[in-house]
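FYI, side chains are in, hydrogens and waters are out, and symmetry mates aren't considered; it's all heavy atoms of this structure. We number each residue from 1, following the sequence as shown.
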Amino acid sequence: MQISTQVFHLFRRELLLERRQKYALAGILLYIAGTIFICKLSFREIHSPASWNALFWIIMLFAAVNGISKSFAQESPGRMLYLYTLCDPRALILAKIAYNSLLMLVLALTGLFIYTLLIGNPVQDYGQFMVVTVLGSLGFSAVFSMISAIASKAGNNF
C-alpha cells in the first residue's frame with residue numbers, strides 16, 4: 001500500500017476516534033472559551049493591537065499544548081506496535097500531524113471567533129491575519145506532534 005493511502009486511512013482512524021471521544025474536543029473548546037472570558041473580565045478593554053495579538057497567541061499556545069501534546073501518549077505500546085506492523089511509521093507520523101493540524105485549525109478559528117466576540121478585534125488586514133493564523137496553527141500542530149512522538153518514546157515525560 002502506498003504511503004499516501006496509509007496516511008489517509010490513519011487520518012480517518014483519528015477522526016473516528018475523536019468522534020467517539022467528544023469530551024476531549026469539548027474540553028479544549030471549554031478551556032479556550034473560559035480563558036478568553038477570564039481575559040475579558042480581567043482586562044475589560046485592550047487598547048494596544050500588540051497586546052491583543054500577544055494575548056491571543058498565548059491562549060492559542062496553551063490550547064495547542066493541551067490539545068496536541070497527548071496525541072501519541074494516548075496510544076498504548078501494544079497498539080503502537082500493532083500500527084507499526086500494519087503501516088509505515090512515516091505514514092503514522094504524517095497522519096497524526098495532519099489530524100493535529102485540522103484540530104488546531106478548528107481550535108484557532110473557534111478561539112478567534114470567541115476572542116473577537118468578547119474582546120473585540122483591532123485587526124486591520126483580515127486576510128493577512130487569517131493567513132498568519134492558519135500558518136501559526138499548522139506550525140503549532142507540527143511542532144507539538146513531533147514533541148509528543150518523542151515524549152511517548154521517552155516514557156511520556158513532557
Side-chain angles (χ1 to χ4, degrees), residues 3-40 42-43 46 48-75 83 87-154 156 158:
I3 195 166
S4 60
T5 307
Q6 291 176 359
V7 169
F8 173 75
H9 287 296
L10 289 168
F11 179 80
R12 193 169 146 254
R13 174 188 168 271
E14 290 294 322
L15 287 175
L16 290 173
L17 288 175
E18 186 66 38
R19 213 173 78 198
R20 289 183 194 158
Q21 300 174 351
K22 294 176 186 165
Y23 63 87
L25 180 62
I28 298 168
L29 290 173
L30 182 63
Y31 169 79
I32 290 173
T35 304
I36 293 170
F37 184 70
I38 289 171
C39 290
K40 164 75 173 149
S42 298
F43 299 116
I46 299 175
S48 167
S51 299
W52 183 92
N53 195 26
L55 189 59
F56 173 74
W57 284 108
I58 289 170
I59 292 169
M60 289 301 104
L61 174 68
F62 285 110
V65 168
N66 286 332
I68 295 173
S69 62
K70 66 182 185 304
S71 66
F72 280 89
Q74 69 187 6
E75 302 285 350
L83 287 173
C87 63
D88 190 348
R90 293 175 296 179
L92 180 63
I93 291 172
L94 288 174
K96 290 273 190 182
I97 289 173
Y99 171 74
N100 288 335
S101 295
L102 177 66
L103 175 65
M104 190 59 210
L105 195 59
V106 167
L107 293 177
L109 294 177
T110 305
L112 180 61
F113 174 74
I114 296 169
Y115 197 68
T116 301
L117 190 68
L118 293 180
I119 296 181
N121 193 346
V123 174
Q124 294 176 356
D125 188 357
Y126 291 106
Q128 186 177 12
F129 189 78
M130 290 307 292
V131 168
V132 170
T133 301
V134 168
L135 292 176
S137 299
L138 296 176
F140 278 159
S141 65
V143 167
F144 286 119
S145 294
M146 294 308 294
I147 289 173
S148 176
I150 293 167
S152 71
K153 294 301 175 192
N156 292 330
F158 290 107

Practice prompt. Tell me, with the steps shown, if Leu15 and Arg19 meet side-chain contact (heavy atoms from CB on, under 4.5 Å).
Written response: CA-CA 6 Å; Leu15 287 175; Arg19 213 173 78 198; over 6 Å; no
Practice prompt. Decide yes or no on side-chain contact (heavy atoms from CB on, under 4.5 Å) for Met146 and Ile97, but give the supporting numbers first.
Written response: CA-CA 8 Å; Met146 294 308 294; Ile97 289 173; 3.9 Å; yes
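Here the shortest heavy-atom pairing between Ala33 and Ile114 reads CB-CD1, 4.1 Å. In terms of heavy atoms, Gln6 sits closest to Asp88 at OE1-N, 3.0 Å. For the pair Phe56 and Ala108, the tightest heavy-atom approach, listed with the atom from each and the gap, is CZ-O, 4.1 Å. Across Glu18 and Ala24, no two heavy atoms sit closer than the pair OE2-CB, 4.1 Å. Of all the heavy atoms in Gly111 and Met60, the pair that sits closest is CA-CE, 4.0 Å. Closest approach of Val7 to Ala95, counting heavy atoms only: O-CB, 3.7 Å.
Within the structure, salt bridge (Lys or Arg N to Asp or Glu O under 4.0 Å) pairs that include any residue of residues 94-123 comprise Glu14-Lys96, Glu75-Lys96 (at least two apart or interchain).
The distance from the CG atom of Leu102 to the CG atom of Leu107 is 9.5 Å, given to the nearest 0.5 Å. In this structure, CG in Leu103 is found 5.5 Å from CD1 in Ile68, a value given to the nearest 0.5 Å. Here SG of Cys87 is found 10.5 Å from CG of Leu94. Values are rounded to the nearest 0.5 Å. Put simply, CH2 on Trp52 and CG on Asn121 are 4.0 Å apart, with the number rounded to the nearest 0.5 Å. A distance of 11.0 Å separates OG1 in Thr110 from CD1 in Ile28, rounded to the nearest 0.5 Å. Here the OG1 atom belonging to Thr133 is positioned 10.5 Å from the CD atom belonging to Gln128, to the nearest 0.5 angstrom.
Environment of CZ in Arg13: crowded, with over 12 heavy atoms of neighbouring residues, nucleotides or ligands closer than 6.0 Å.
Residues Leu112 and Phe129 are in side-chain contact: their nearest non-hydrogen atoms beyond the backbone lie under 4.5 Å apart. The shortest side-chain heavy-atom distance between Tyr31 and Asn66 falls under the 4.5 Å cut-off. Taking the side chain as every heavy atom from C-beta outward, Leu109 and Met130 approach each other to under 4.5 Å.
Of the options Ile59, Asn53, Leu55, a side chain to side chain contact (heavy atoms under 4.5 Å, CB included) to Trp57 is made by Asn53 and by none of the others.
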